[in-house]
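Quick notes on the structure that follows.
Basis for what follows: all heavy atoms, side chains included, without hydrogens, waters or symmetry-related copies. Lettering follows sequence order; numbering is per chain, from 1.
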Amino acid sequence: MEHEILNFIEEIIEKDNETGKFGGRVHTRFPPEPNGYLHIGHAKSICLNFGLSQKYGGKTNLRFDDTNPEKESDEYVQSIKRDVQWLGFQWNGDVLYASDYFDQLYQWAQKLIHDGKAYIDFSTSEEMAALKGNLTTAGSDSPYRNTSPAENLDLFERMKVGEFPDGHCCLRAKVDMASSNMLMRDPVIYRIKRAHHHRTGDKWNIYPMYDFAHGQSDSIEGITHSVCTLEFVPHREFYEWLLVNLEIYRPQQIEFARLNLDYTVMSKRKLLQLVEEKHVTGWDDPRMPTISGMRRRGYTPESLREFVKRVGVAKRDNIIEFGLLEFCVREDLNKKALRMMAVLDPIKMVITNYPEGQVEEMKFDNNPENEADGSRLVPFSREIYIERDDFMENPPKKYFRLFPGGMVRLKSAYIVRCDDVLKDDAGNVTEVHCTYIENSRSGNDQSGIHVKGTIHWVSVAHAADAELRIYERLFTDPNPLGHEGVDFKTFMNPNSLTTIHAKIEPALTAAELGVAYQFIRKAYFCLDTEATTDKLIFNQTVGLKDSFKGSK
RNA sequence: UGGGCGAUAGUAUAAGGGCAGUACUACUGAUUUUGGUUCAGUUCGUGGGGGUUCGAAUCCUCCUCGCCCAACCA
């Protein structure tokens, strides 16, 4: 009997369901901080968390971890909600916020203080750092560690009402200054920040730290499996310490390895830097590894989900090849994209034996992968544009395209033979002169001629203009962050964006946002959000695979 | 350096004492009115030493390497 392959988290869940640890419940959560846009790494977490609850008949909450008002905003909240839904997931019930629990959290902090398990510390951050010790030597107690609960309770209240300036003091859990886990050396759990919060406004002068908010939020929501990334492994000890000492419901934290992609960076802080320093045009720049950037680039939710699925879930550090993402995008787009003709780098071809002024409408399949997409008519005439690299005066041995004396099929039209070449003073080819084979028309070819190559074209008289944005990887190094002492921006690819002006077939002037197009033999494209009726702009989503290894 | 986590083809991910499998990549070939797609095939792997065992990627042991932790960030 074939056994379905489970990742290690699914194994934990199935074991929990067998033992009845959570009564068979599976309740996960996706807990972003609204301090930036989501990236493909978050997509892994989203697919994991929502995937788990779908698979085991559970629920997934969307909860914003909004405990640091200085860095968070509603703009980010809105973008995150949009990205999660675009990816194809719907959270359980209302959107939740850690800030919903600020009152409860405050009471729990009071309980800790009351129980002698937390204290107000007036040390400066420098003093605290000094007393913390280091990796090899134990820390020592703060002089404020033994203040009485009553006095601490009073001080905490005064912190809350705004009696002290930012950073004047903080609330620390009383754990163990000698712990080998640095996070257990009396971690700060509340700090003074008289900042405006995107949801609670000016109600609070103090805000809980991540460690004091996350586990309790999980607990309040009845989360069963609290899935997070590896860097939180050392936090688990304190996560559990709090739940035990607060005597509240205990979810289980499980850590997995975050997704990394080669030739890019996957850190909100670094991405924010690229945005703020204008190395990209915004969070949704098509070169960004953000979900919004990929959406604008033409990547589909299906392809992203498939990518995440293929990447797998484990605990070892990884850097996924960009090629896998591109494979998933092509695989999806191949099924959906409408085939169109666009000439990216045009030269003119004159079909000398074709009547001047004559126009024929050529039938063209919209998508050979899906007959239901039907066909359209493409105008053909005496003068057409073809791709500059579809012609070579002195071709290498296995060149299937056009050269003097050679023949090619014009896609969905006639076979032509090259008779002559016109050049400018510099020797550049400016025009190719051909004759067409009259009885070789596509769909009714009685010429009996077999040609190796088929090339695309656009009628000069009917062509429209479009701006095409061609993207390459954002960085030239597979791991821009992996060089100690070298700023990651030194590896930025100066050619990450190339703008070209193409000749496109008339049907493309009706291109719509959100529709995938394949510019035949070249690449997948989509209309950019900046396009207007006067100016067509297309983003190259991903190139077609190219196994031609000839010259170049 | 203390503690924690991890190590299987180029990249990911299975094999849970019994034939090291799958996908992507790369390369071959076939088909093709897209040098796309599709199809067929090839190359490529258990970090190192010792041990247990009929048998080890798997168990034990020593070593090596990588990542994380000393924010009033998350």
Side-chain angles (χ1 to χ4, degrees), chain A residues 3 5-7 11 31-33 35 65-68 70-72 121 123-125 128-129 132-139 166-172 179-185 187-193 206-207 209-211 213-214 228-237 255 257 262 268-269 307 309-328 330-331 334-335 339 341 365 368-369 398-401 408-413 415 442-443 445 450-456 478 518-524 543-550:
Chain A
H3 200 336
I5 293 174
L6 303 176
N7 64 48
E11 286 179 354
E33 182 189 11
N35 67 342
D65 225 323
D66 54 351
T67 57
N68 186 357
E70 288 164 344
K71 293 185 176 170
E72 299 156 2
D121 196 329
S123 306
T124 64
S125 42
M128 273 179 56
K132 198 153 196 171
N134 58 37
L135 296 179
T136 50
T137 67
D166 283 16
H168 186 65
C169 57
C170 61
L171 180 67
R172 292 226 262 168
S179 173
S180 55
N181 181 351
M182 298 298 291
L183 273 145
M184 297 298 273
R185 320 249 264 223
V188 172
I189 55 178
Y190 259 97
R191 73 298 214 186
I192 301 171
K193 270 185 199 290
I206 56 174
Y207 292 92
M209 297 287 289
Y210 163 85
D211 284 298
H214 203 92
C228 63
T229 46
L230 247 30
E231 64 270 28
F232 291 98
V233 169
H235 293 250
R236 190 175 62 234
E237 193 178 357
E255 311 87 9
D262 61 5
K268 272 196 275 187
R269 206 182 145 277
F307 171 66
K309 187 171 157 189
R310 285 172 183 259
V311 156
V313 180
K315 293 188 76 159
R316 76 182 78 133
D317 293 329
N318 60 77
I319 300 181
I320 310 295
E321 290 175 341
F322 210 89
L324 180 62
L325 214 204
E326 294 189 323
F327 168 83
C328 295
R330 287 193 194 100
E331 183 186 46
N334 179 53
K335 293 182 292 196
R339 270 59 173 180
M341 290 204 285
D365 288 335
E369 302 292 318
K398 280 196 170 172
Y399 189 77
F400 299 169
R401 285 108 93 156
V408 287
R409 158 82 59 185
L410 295 172
K411 174 71 180 173
S412 297
I415 292 172
S442 220
D445 185 353
H450 183 73
V451 292
K452 206 69 171 287
T454 299
I455 65 175
H456 59 281
Q518 185 197 101
F519 291 1
I520 212 172
R521 299 209 304 136
K522 285 296 176 182
Y524 293 100
L544 254 31
K545 271 187 72 174
D546 185 5
S547 55
F548 175 56
K549 294 174 270 313

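Taking the side chain of A:Arg401 as heavy atoms from C-beta on, and the options B:rG4, B:rG35, B:rU25, the nearest nucleotide is B:rG35. Nearest nucleotide to the side chain of A:Arg339, out of B:rG6, B:rG35, B:rG36: B:rG36. For A:Phe400, the side-chain atoms get nearest to B:rG35 when compared with the rest of B:rA14, B:rA70, B:rG35. Each of B:rA26, B:rC72, B:rG35 was ranked by its minimum atom distance to the side chain of A:Lys132; first place goes to B:rC72. Listed nucleotides: B:rA74, B:rA12, B:rC5. Nearest to the side chain of A:Met209: B:rA74. Closest contact between the side chain of A:Lys71 and the listed nucleotides B:rG2, B:rU34, B:rC73 involves B:rC73. Out of B:rU37, B:rA70, B:rA74, the shortest distance to the side chain of A:Glu231 is found at B:rA74. Among the nucleotides B:rU34, B:rA70, B:rA74, the one closest to any side-chain atom of A:Ile520 is B:rU34. In the set B:rU13, B:rG35, B:rC72, B:rC72 carries the atom at the smallest distance from any side-chain atom of A:Cys170.
A sub-4.0 Å separation between OP1 or OP2 of B:rC73 and a side-chain N or O of A:Lys193 is present. For the pair A:Arg330 and B:rC24, the criterion of a side-chain N or O lying under 4.0 Å from OP1 or OP2 is not met. Checking the phosphate oxygens (OP1, OP2) of B:rG36, a side-chain nitrogen or oxygen of A:Ser547 falls inside 4.0 Å. The shortest distance between the side-chain N/O atoms of A:Ser180 and the OP1/OP2 oxygens of B:rG4 is not below 4.0 Å. Checking the phosphate oxygens (OP1, OP2) of B:rU13, a side-chain nitrogen or oxygen of A:Arg316 falls inside 4.0 Å.
A:Leu171 comes within contact range of no nucleotide atom at all, as no heavy-atom separation falls under 4.0 Å. At a threshold of 4.0 angstrom between heavy atoms, the contacts of A:Ser123 include nucleobase atoms, whether or not backbone atoms are also involved. At a threshold of 4.0 angstrom between heavy atoms, the contacts of A:His235 include nucleobase atoms, whether or not backbone atoms are also involved. Counting any heavy atom pair closer than 4.0 Å across all strands shown, A:Ser412 reaches a base atom. Contact annotation for A:Pro31: no contact, since no heavy-atom pair falls under 4.0 Å across all strands.
Checked by distance alone, A:Thr454 brings no side-chain donor or acceptor within 3.5 Å of a matching partner on the base of B:rU34. For A:Glu369 against B:rG36, a side-chain-to-base donor-acceptor contact under 3.5 Å is present. The base of B:rU33 is paired with the side chain of A:Arg409 by a donor and an acceptor separated by under 3.5 Å. Side-chain to base pairing of A:Glu321 with B:rG10: one donor and one acceptor N or O lie within less than 3.5 Å of each other.
Searching all strands for a Watson-Crick or G-U wobble partner of B:rA57 with both distances below 3.5 Å returns nothing. Remark: B:rU42 base-pairs with B:rA26; criterion is Watson-Crick or G-U wobble with both hydrogen-bond distances under 3.5 Å. Both distances falling under 3.5 Å, in either a Watson-Crick or a G-U wobble arrangement, occur for no nucleotide opposite B:rA71. Within the shown strands, B:rG66 is the pairing partner of B:rC5 under the Watson-Crick or G-U definition, both distances less than 3.5 Å. The partner of B:rC19 is absent, by the rule that a Watson-Crick or G-U pair needs both atom distances under 3.5 Å.
Checking side-chain atoms of A:Ser179 against main-chain N and O of A:Asn181 turns up a donor-acceptor pair under 3.5 Å. Checked by atom type and distance alone, the side chain of A:Arg339 never pairs as donor or acceptor with a backbone atom of A:Ile520 at under 3.5 Å. A distance-only check finds no donor-acceptor pair linking the side chain of A:Lys452 to the backbone of A:Val408 [under 3.5 Å]. Between the side chain of A:Arg330 and the main chain of A:Gly543, a donor-acceptor pair closer than 3.5 Å is present. At distances below 3.5 Å, not a single donor-acceptor pair connects side-chain atoms of A:Asp365 with backbone N or O atoms of A:Pro368.
For the pair A:Arg310 CZ and B:rA23 C1', the interatomic distance rounds to 6 Å; values are reported in whole Å. Note: CZ (A:Phe548) to P (B:rA26) measures 17 Å, nearest angstrom. Regarding A:Tyr210, its OH atom lies at a distance of 15 Å from the C1' atom of B:rA71, rounded to whole Å. Here the P atom of nucleotide B:rA20 and the CD1 atom of A:Ile5 are 17 Å apart, to the nearest Å. When rounded to the nearest whole Å, the span between CZ of A:Arg236 and P of B:rC68 equals 18 Å. Atoms CG (A:Asp546) and P (B:rC27) sit 11 Å apart, rounded to a whole Å. When rounded to the nearest whole Å, the span between NZ of A:Lys309 and P of B:rU22 equals 18 Å.
Comparing the C1' positions of B:rC63 and B:rC39 gives a spacing of 48 Å, expressed to the nearest Å. Rounded to the nearest Å, the gap between the P atom of B:rU64 and that of B:rA57 is 23 Å.
Atoms CG and CZ, from A:Leu183 and A:Arg236 in turn, are 12.5 Å apart once rounded to the nearest 0.5 Å.
More than 90° away from 0 lies the glycosidic angle of B:rA57, which makes this nucleotide anti.
Salt-bridge check for A:Arg172 with A:Asp121: passed, with a basic side-chain N closer than 4.0 Å to an acidic carboxylate O.
Side-chain contact annotation: A:Glu72 with A:Asn35, donor-acceptor N/O pair under 3.5 Å absent.
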